[in-house]
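Below is one structure, written out as structure tokens, with a few remarks after it.
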Amino acid sequence: MNHTNTEKKTKPVAPKVKELIANTKSVILATVDAEGNPNSSYAPFVQVEQTFYILVSFMARHTKNLSEGRKTSVMFIEDESATKQIYARERLTLEAATSQIERDSEIWNNVIAKLKETHGKVVDVISEMGDFILIALQPVKGSYVNGFGSAYFVDSNLEIIEHRNDVNHQSK
């Protein structure tokens, strides 16, 4: 079936990137190892300005991938129980540059305090464990989707660049 000009077009929903991030406590991680094997996981996060920070253990596969600066993608996604349409969950997917934050540096101390404020006293315990490191995830570019026909390109500042506008949405 082909779409015609008389068919109803889906109107894009106004982007709410910052609200999605504010309503999300953990980020989904997609990393690759030295052989190019994919790994997905998640981690609680905090945001400071435009950078996201996660406190992760070397016991997890994704930590080595993150600490070695390999390609990384992160996703913030609407809770399944809150969505009206499972195929159109609100989500923000970003390519991110990674860097490890030096333990006991000013950034480390500030971010650990924010992690504790956001995620509780458990942060005191795990931040003292030697296998936990702090990783910065700096957005490079990405996409934001908040419904059918409502997809946008996002820049490194998490600002909308443009509506994706019917790209790859042809019917057969």
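All of these numbers come straight from a predicted model, not from anything done at the bench.
Grouping Ile, Leu, Val, Met, Phe, Trp and Tyr by side-chain contacts under 4.5 Å, direct or through others, puts Ile28 with Met75, Ile77.
Salt bridge Lys71/Glu95: absent, no basic N to carboxylate O contact under 4.0 Å.
More than 12 heavy-atom neighbours from other residues, nucleotides or ligands sit within 6.0 angstrom of CD on Gln85. By the 6.0 Å contact criterion, CD on Glu102 is open, its count of non-hydrogen atoms from other residues, nucleotides or ligands being 12 or less. For Lys141, the NZ atom counts as loosely surrounded, since its 6.0 Å shell holds 12 or fewer non-hydrogen atoms of other residues, nucleotides or ligands. The number of heavy atoms from other shown groups lying within 6.0 Å of CD1 (Ile161) is above 12.
Heavy atoms only, all atoms of each residue included: His163 and Ser150 are closest at NE2-CA, 3.9 Å. The shortest non-hydrogen separation linking Pro38 to Arg61 is O-NH2, 3.5 Å. Contact between Leu158 and Phe52 at its shortest, heavy atoms only, is CD1-CZ, 3.8 Å. Heavy atoms only, all atoms of each residue included: Asp33 and Asn65 are closest at CA-OD1, 3.2 Å. Scanning both residues, Pro139 and Ser156, for their nearest heavy atoms gives O-CB, 3.3 Å.
Counting heavy atoms from C-beta on, the side chains of Asp104 and Asn109 come closer than 4.5 Å.
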Residue pair Thr51, Gln138: steps toward the side-chain hydrogen bond (donor to acceptor under 3.5 Å, both in side chains) verdict: CA-CA 5 Å; Thr51 304; Gln138 183 65 48; 2.5 Å; yes
Evaluation steps, side-chain contact (heavy atoms from CB on, under 4.5 Å), between Ile86 and Glu80: CA-CA 7 Å; Ile86 197 69; Glu80 285 183 5; 4.0 Å; yes
Full working for side-chain contact (heavy atoms from CB on, under 4.5 Å) between Val32 and Asn37: CA-CA 5 Å; Val32 293; Asn37 298 310; over 6 Å; no
Stepwise salt bridge (Lys or Arg N to Asp or Glu O under 4.0 Å) test for Glu78 and Arg91: CA-CA 6 Å; Glu78 176 184 28; Arg91 59 201 175 272; over 6 Å; no
CA sep, side-chain torsions, deciding dist, call: Ser73, Thr93, side-chain contact (heavy atoms from CB on, under 4.5 Å): CA-CA 7 Å; Ser73 177; Thr93 305; 3.5 Å; yes
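Put simply, CG on Asn146 and OH on Tyr152 are 5.5 Å apart, with the number rounded to the nearest 0.5 Å. Atom NZ of Lys25 is separated from atom CG of Asp79 by 11.0 Å, given to the nearest 0.5 angstrom.
Cluster annotation: Leu66 is not connected to Ile112 through the hydrophobic network of ILVMFWY side chains, with a link wherever side-chain heavy atoms come within less than 4.5 Å.
Looking at Thr118, its side chain never comes within 3.5 Å of a backbone N or O of Leu115 through a donor-acceptor pair.
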What side-chain donor-acceptor pairs closer than 3.5 Å can you find for residues 125-137, not counting sequence neighbours?
| from | atom 1 | to | atom 2 | distance (Å) |
| --- | --- | --- | --- | --- |
| Ser127 | OG | Val123 | O | 2.7 |
| Ser127 | OG | Asp124 | O | 3.3 |
| Asp131 | OD2 | Ser57 | OG | 2.3 |

Indicate every side-chain donor-acceptor pair of residues 41-49 with a distance under 3.5 Å to a residue at least two apart or in another chain.
| from | atom 1 | to | atom 2 | distance (Å) |
| --- | --- | --- | --- | --- |
| Ser41 | OG | His62 | ND1 | 3.1 |
| Gln47 | NE2 | Glu49 | O | 2.9 |

